[in-house]
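Counting starts at 1 for both ligands and their atoms, in listed order. Just so you know, residue 1 is the first one in the sequence shown, and it goes up from there.
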Amino acid sequence: MALLMIMVLSYFTAIANSQVKNIFLLAGQSNMSGLGGVVNNTWDGIVPPECSPNPAILKLDAKLQWVEATEPLHADIDANVTCGIGPGMPFANSLLNKTSLLGEVGLVPCAMAGNRISQWQKGTFLYNQLVMRAKAATVQECGVTRAMLWYQGESDTTLLSNANAYKGKMQQFFTDLRSDVGIPDLLIIQVALASGTNFTDIVREGFGVA
Ligand SMILES: *[C@@H]1O[C@H](CO)[C@@H](O)[C@H](O)[C@H]1NC(C)=O
Ligand SMILES: *[C@@H]1O[C@H](CO)[C@@H](O)[C@H](O)[C@H]1NC(C)=O
Ligand SMILES: *[C@@H]1O[C@H](CO)[C@@H](O)[C@H](O)[C@H]1NC(C)=O
Ligand SMILES: *[C@@H]1O[C@H](CO)[C@@H](O)[C@H](O)[C@H]1NC(C)=O
Ligand SMILES: *[C@@H]1O[C@H](CO)[C@@H](O)[C@H](O)[C@H]1NC(C)=O
């Protein structure tokens, strides 16, 4: 009897979990859009195994429809540049590999090549698009926004004034975003900046990863 209860409970746990779409916002610069396999503005079309499509990995496309996610994930969002392989698909695949009860992963691509943190402040095109897409991702179906993956900052490393302003602008962006999407404790996973020019260390200090 006890065993049966456990089986019934695990059954319902599995159903409950599998109905939830686990939503992840993807934002930042070209490295989040995806440059992998792009040479001379042409993508080589090679999809590594960790970036393979999976029926459980969806993306919110430019028309705000959930479709099965395929590389290049950002092609219809960062449409003015040639996109390639980015971090979104390997992230989703490794989540699914680690957690069998996760259900679906819903990726919301919002990154764009070549931008400074000032272009993500409340009221800008990129900010408005991110908030609009984040809201669209949750209204359409049963979904829970789990985190935003953020990889940005290289363009703020060239001028000292931009580098010095980075930390404050980043914190303001995160505060406004959490408020506007209505998730005060939204988890934000930052990639430590791996490339930059003159003042990379100052921008990295803003992340708390100097
Ligand atoms: C990030 O993108 C820039 C080009 O925008 C490139 O030069 C740099 O190598 C990339 N960084 C990483 C860690 O891939
Ligand atoms: C990219 O373009 C440069 C200059 O046109 C050329 O020398 C190079 O061979 C090209 N690389 C590839 C991989 O096509
Ligand atoms: C993409 O390019 C078009 C044509 O130049 C321009 O109107 C549009 O604003 C660009 N989009 C973005 C997001 O920069
Ligand atoms: C997930 O597991 C599959 C099958 O074992 C494997 O082919 C794939 O490379 C794994 N992906 C990641 C991101 O670990
Ligand atoms: C920063 O680096 C760029 C090249 O990336 C250079 O042209 C510029 O003069 C440098 N600025 C300062 C303030 O060091």
Side-chain angles (χ1 to χ4, degrees), residues 24-51 59-65 71-94 107-137 147-170 173 177 180 188-210:
F24 293 89
L25 312 175
L26 309 176
Q29 63 194 27
S30 58
N31 306 98
M32 181 58 81
S33 290
L35 294 169
V38 176
V39 178
N40 288 351
N41 292 320
T42 306
W43 180 48
D44 62 15
I46 296 171
V47 178
E50 61 269 31
C51 304
K59 82 157 187 179
L60 193 72
D61 72 8
K63 296 174 188 153
L64 304 178
Q65 304 297 314
E71 297 283 15
L73 200 58
H74 273 78
D76 58 340
I77 297 295
D78 197 1
N80 282 356
V81 302
T82 304
C83 293
I85 299 291
M89 291 300 287
F91 174 79
N93 269 311
S94 76
L107 300 173
V108 185
C110 298
M112 218 161 265
N115 45 72
R116 295 186 307 281
I117 189 70
S118 58
Q119 290 168 274
W120 289 92
Q121 301 298 288
K122 188 176 170 89
T124 60
F125 169 79
L126 289 172
Y127 181 88
N128 290 345
Q129 175 175 260
L130 172 62
V131 171
M132 181 272 287
R133 289 177 56 74
K135 287 181 176 168
M148 177 171 80
L149 310 194
W150 174 244
Y151 188 168
Q152 192 276 336
E154 182 170 332
S155 302
D156 293 282
T157 66
T158 302
L159 295 179
L160 181 60
S161 54
N162 287 339
N164 280 335
Y166 193 84
K167 183 177 187 176
K169 287 194 188 308
M170 184 193 72
F173 164 50
L177 178 70
D180 285 337
I188 295 172
I189 301 170
Q190 280 185 278
V191 179
L193 198 59
S195 49
T197 59
N198 310 313
F199 304 110
T200 306
D201 287 348
I202 298 179
V203 171
R204 283 171 62 89
E205 277 160 28
F207 289 16
V209 292

### Message
For the 3.5 Å polar cut-off, considering only N or O atoms, please tell me whether Asn198 and ligand 5 meet it.
### Response
yes
### Query
Do you see a protein non-hydrogen atom under 4.0 Å from atom 9 (O) of ligand 5?
no
### Message
Under a 4.0 angstrom heavy-atom cut-off, which atoms of ligand 1 come close to Ala194?
### Response
13 (C)
### Message
Taking the side chain as everything from C-beta on, heavy atoms only, tell me whether Met89 gets closer than 4.5 Å to Leu107.
### Response
yes
### Message
In the complex you have, is atom 5 (O) of ligand 3 within reach of the protein, judged by whether a heavy-atom distance drops under 4.0 Å?
### Response
no
### Query
Which heavy atom of the protein is the closest neighbour of atom 2 (O) of ligand 1, given with residue, atom name and distance?
Asn31 ND2, 2.5 Å
### Task
Give the atoms of ligand 1, by number and element, whose distance to some non-hydrogen atom of Glu154 is under 4.0 Å.
1 (C), 2 (O), 3 (C)
### Message
So if I count the atoms of ligand 5 from 1 in the order they appear, which ones are less than 4.0 Å from some heavy atom of Thr197?
### Response
5 (O)
### Query
Is ligand 1 less than 4.0 angstrom away from at least one heavy atom of Gln29?
no
### Nearest non-hydrogen protein atom, atom 13 (C) of ligand 3
Met112 SD, 3.7 Å
### Query
Is it true that Thr158 lies under 4.0 Å from ligand 5, counting heavy atoms only?
yes
### Task
With the side chain counted from C-beta on, respond yes when Met112 and Gln129 share a heavy-atom pair under 4.5 Å apart, and no when they do not.
yes
### Message
Give me the nearest non-hydrogen protein atom to atom 12 (C) of ligand 3 as residue plus atom name, then the distance to 0.1 Å.
### Response
Asn80 ND2, 3.5 Å
### Query
What closest approach, in Å, do Ala134 and Leu25 show between heavy atoms, and which atom pair accounts for it?
CB-CD2, 3.7 Å
### Query
Looking at Ala163 and Phe199, what are the two nearest heavy atoms and their distance?
CB-CB, 3.6 Å
### Query
Does any non-hydrogen side-chain atom of Tyr166 lie less than 4.5 Å from one of Gln152?
yes
### Task
Look only at the side chain of Gln121 and the backbone of Lys169, and say whether a donor-acceptor pair between them is shorter than 3.5 Å.
yes
### Message
Please identify which of these residues, Thr158, Asp156, Leu193, meets the side chain to side chain contact (heavy atoms under 4.5 Å, CB included) condition with Thr200.
### Response
Leu193
### Message
Is any side-chain heavy atom of Trp120 closer than 4.5 Å to one of Leu177?
### Response
no
### Query
Taking only heavy atoms of Tyr151, which atoms of ligand 1 are found under 4.0 Å from at least one of them?
11 (N), 12 (C), 13 (C)
